[in-house]
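One-based numbering, in listed order, for ligands and for the atoms of each.
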Amino acid sequence: MDPSTGSGPVSPQQVETRLVTAGRDTQAQKGFVNPPVVHGSTVLYPTAEDLHAHRGEFTYGRHGTPTTRALQETFMALEGPQCAGVGIAPSGLAAISTTLLAVLKAGDHLLVCDNVYRPSRNFCNGVLARYGVETTYFDPLIGAGIEKLFRPNTGAVLVEAPGSQSFEMPDIPAIVGMAHARGALVIDDNTWATPLFHRSLDSGVDISIQAATKYIGGHSDIMFGTISANAKTWPTIAENIRLLGVCAGPDDVFLALRGMRTLAVRLNQHYRSGLEMARWLAARPEVIRVLHPALESDPGHAIWKRDFTGASGLFSIVLKPAPQKAVDALLDTLKLFGMGYSWGGFESLVIPFDCDGYRTATKWAPGGPTLRLHIGLENVDDLKADLERGFAAFNAA
Ligand SMILES: *Cc1c(COP(=O)(O)O)cnc(C)c1O
């Protein structure tokens, strides 16, 4: 690294280093370590000729600022050499909807994994259907068996690995192989692992999505999404982001960039603590199953081990059959595990969930009440003590 500029050639460095060095231009930042948060719409052109030609590093606030460029450069350094560009969206769901609108057209067919984030399904069923795109849902464990679901008009496949409630692990390379043989694109919602632990684009995925609201931001204080595209799809994504007018607020862009600087240290701790809590929970008499692909006993473990280099702090447990009031007593007793949606911040969270109401390609029958846990950055002994109190209330109810 050149210490006078604070940046330098990044490709030979390890990812932890790239997360720290990428996207920084100390001279342009007047010596400061971080870029300014540019609040801007109008960009002034120095001459009429420049204006006519739309010439300039930046042309209009919606199309990019020094802050968004720093974020995009850092994200590209995280994704690796298959990434041709990173699009910015105001939420994870907006990143998914923008991507699907960009790559599909009326008359197309879309294949969607049955374990994807529920609002992604709602977008397919509620918006794409209106625009003449038909969606077929498939079993997350289908593997190469997805072959028989392709039609001549299948434009794309949307996967999530693992699904962020039920944690089945789709075989992405097998799905990519079948999709590419039939001219369809593969889109991966990679929010759970982030590109730190799963380089989707290296697995052949065409477009990798992050609900950056989660681990990229990392502090439960922003809504943000990213669309990382390979060379084949980036021109389409970039064009459609422009056509749709998709952009994000500068403070959220800045906070996402700030989150990336500490992503590696945070996520490695979520991984360690999450796995320790998962093993501890697996040994509890109140828990009949832990759904966590990094556990050797998990059905998705072999795929996780092959395709991922780590796990985040999000997983689910199946409790032994119990009345709702026992589960509610557990939830109401917890102090460190807050009840609420989203995840990926520094704090531990818990929600009850049930996939039965929306899955259509597969039956969800876990055998007991299910809870999703996010293991935050608290001390794990404190988290265990909190859950122990919860289990005492569960058993008493
Ligand atoms: C949260 C989430 C999203 C949506 O992100 P928002 O920023 O809340 O819109 C998409 N996919 C997955 C897997 C998520 O967990």
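Screening residues 174-184 for side-chain hydrogen bond (donor to acceptor under 3.5 Å, both in side chains) gives Glu147-Arg182, His180-Asp206 as the qualifying pairs, with residues at least two apart or on separate chains. Within the structure, side-chain hydrogen bond (donor to acceptor under 3.5 Å, both in side chains) contacts touching residues 77-93 (residues at least two apart or in different chains) are Glu79-Ser228.
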Exercise answer, ligand 1 polar atom pairs (N/O) under 3.5 angstrom:
residue	atom	partner	partner atom	Å
ligand 1	7 (O)	Gly92	N	2.8
ligand 1	7 (O)	Thr213	OG1	2.5
ligand 1	9 (O)	Gly92	N	3.2
ligand 1	9 (O)	Leu93	N	2.8
ligand 1	11 (N)	Asp189	OD2	2.6
ligand 1	15 (O)	Lys214	NZ	2.5
ligand 1	15 (O)	Trp343	NE1	3.4

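Side-chain atoms of Thr136 and His109 include a donor-acceptor pair closer than 3.5 Å.
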Test salt bridge (charged side-chain N to carboxylate O under 4.0 Å, His left out) applied to Asp356 and Arg359, step by step: CA-CA 6 Å; Asp356 207 30; Arg359 286 174 75 131; over 6 Å; no
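Separation of the Tyr215 and His374 ring centroids falls under the 6.0 Å cut-off.
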Donor-acceptor pairs are to be reported for all side-chain atoms of residues 35-50 against protein atoms at under 3.5 Å, with residues two or more places apart or in another chain.
residue	atom	partner	partner atom	Å
His39	NE2	Asp251	OD1	3.4
Tyr45	OH	Thr59	O	3.0
Thr47	OG1	Glu49	N	3.4
Thr47	OG1	Asp50	N	3.0
Thr47	OG1	Asp50	OD2	2.9
Asp50	OD1	Arg55	NH1	2.7

